[in-house]
Asks: 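Sharing a structure, written as structure tokens. Questions coming.
Order of appearance sets the numbers: ligands from 1, and atoms from 1 within every ligand. For clarity, every value in this text was computed on a predicted model and none was experimentally measured.
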Amino acid sequence: MDTSSHIAVVEDDPDISRMMVSCMTEHGFEVTPTTNGRDLDRVMSSEKIDLVILDVGLPGEDGLSICRRLRGKSAVPIIMVTGRGSDTDRIVGLEIGADDYLPKPFNPRELVARVKAVMRRSTMSEQQQTDSARILMFEGWKLDLARRQLFDPDGEPRSLTSGEFNILAIFCNNPRKVLSRDELLDQLHGRAAAVFDRSVDVQISRLRRKIESKTKDPSFIKTIRYGGYFFTPQVTVVHEN
Ligand code: CA
């Protein structure tokens, strides 16, 4: 892992913010704390940010709105920090494109573990993309692995989070084959599956809505009994320069 990774934190509680900054700095990350969306925008426009940690409960624009706005223009990994017991915020956070969430209260070790797991996922997908300049086609859809872009059958680009993209890439590399949940998680990020485990189903249902909404046969990704998935389309590989 690149220890010079730069993390932006958006948290209005000074104690929690200090705790986050100090534990991540200890682990070699560069951290820029901010307290609201406007400051985050300013930081993101002047610095290369590798990951954003976003509190949901903020004065002014809340974290969910900031997340939605960020997703409209960037694939930067996002970890939402949610208040105690606010399950709705967690689900909504993942629905609108956060890569993971962390409920308060949390301990610093937990935060660092989540940050590393999300970073590993995004670094791994960058490596996968250099492996291959392939373009995969299924049912008129085009998945460009090198540019990490998805185009619908009308040729329109469709936005995916980095987590959704990684899942779709695995499905396209394993078409018409039952993938158990464990196999899917292993391919996503090696053995350190526990963190992602809870959000994989949410990400798959979000991916389904995105890729199945424009087709007549709405079952590209079938759920198999006892926990597995089956990607139904035929996939063809196209090489483009
Ligand atoms: Ca707060």
Asks: Where does the angle between the aromatic ring planes of F231 and F171 fall among parallel (under 30°), tilted (30 to 60°) and perpendicular (over 60°)?
Replies: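 The rings of F231 and F171 lie parallel, inter-plane angle below 30°.
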Asks: Does K142 pair with D144 as a salt bridge, N-O distance under 4.0 Å?
Replies: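 Salt bridge flag = no for D144 with K142.
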Asks: Kindly state each residue pair satisfying side-chain hydrogen bond (donor to acceptor under 3.5 Å, both in side chains) with at least one member in residues 8-18, sequence neighbours excluded.
Replies: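 Found E11-K104, D15-R18.
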Asks: Looking at residues at least two apart in the chain, or sitting in another chain, which of them share a salt bridge (Lys or Arg N to Asp or Glu O under 4.0 Å) with E47?
Replies: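 Here no residue qualifies.
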Asks: Tell me every residue that passes salt bridge (Lys or Arg N to Asp or Glu O under 4.0 Å) with D62, counting only those two or more places apart in sequence or in another chain.
Replies: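 Counting only residues at least two positions away or on another chain, D62 forms no salt bridge (Lys or Arg N to Asp or Glu O under 4.0 Å).
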Asks: Considering residues, nucleotides and ligands other than R109, do more than 12 of their heavy atoms fall under 6.0 Å from its CZ?
Replies: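 No - once you tally the heavy atoms of other residues, nucleotides and ligands closer than 6.0 Å, there are 12 at most.
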Asks: Excluding waters, which protein N, O or S atoms are within less than 3.0 Å of the Ca ion (ligand 1)?
Replies: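 Counting only protein N, O or S atoms under 3.0 Å from the Ca ion (ligand 1), the list reads D12 OD1, D55 OD2, G57 O.
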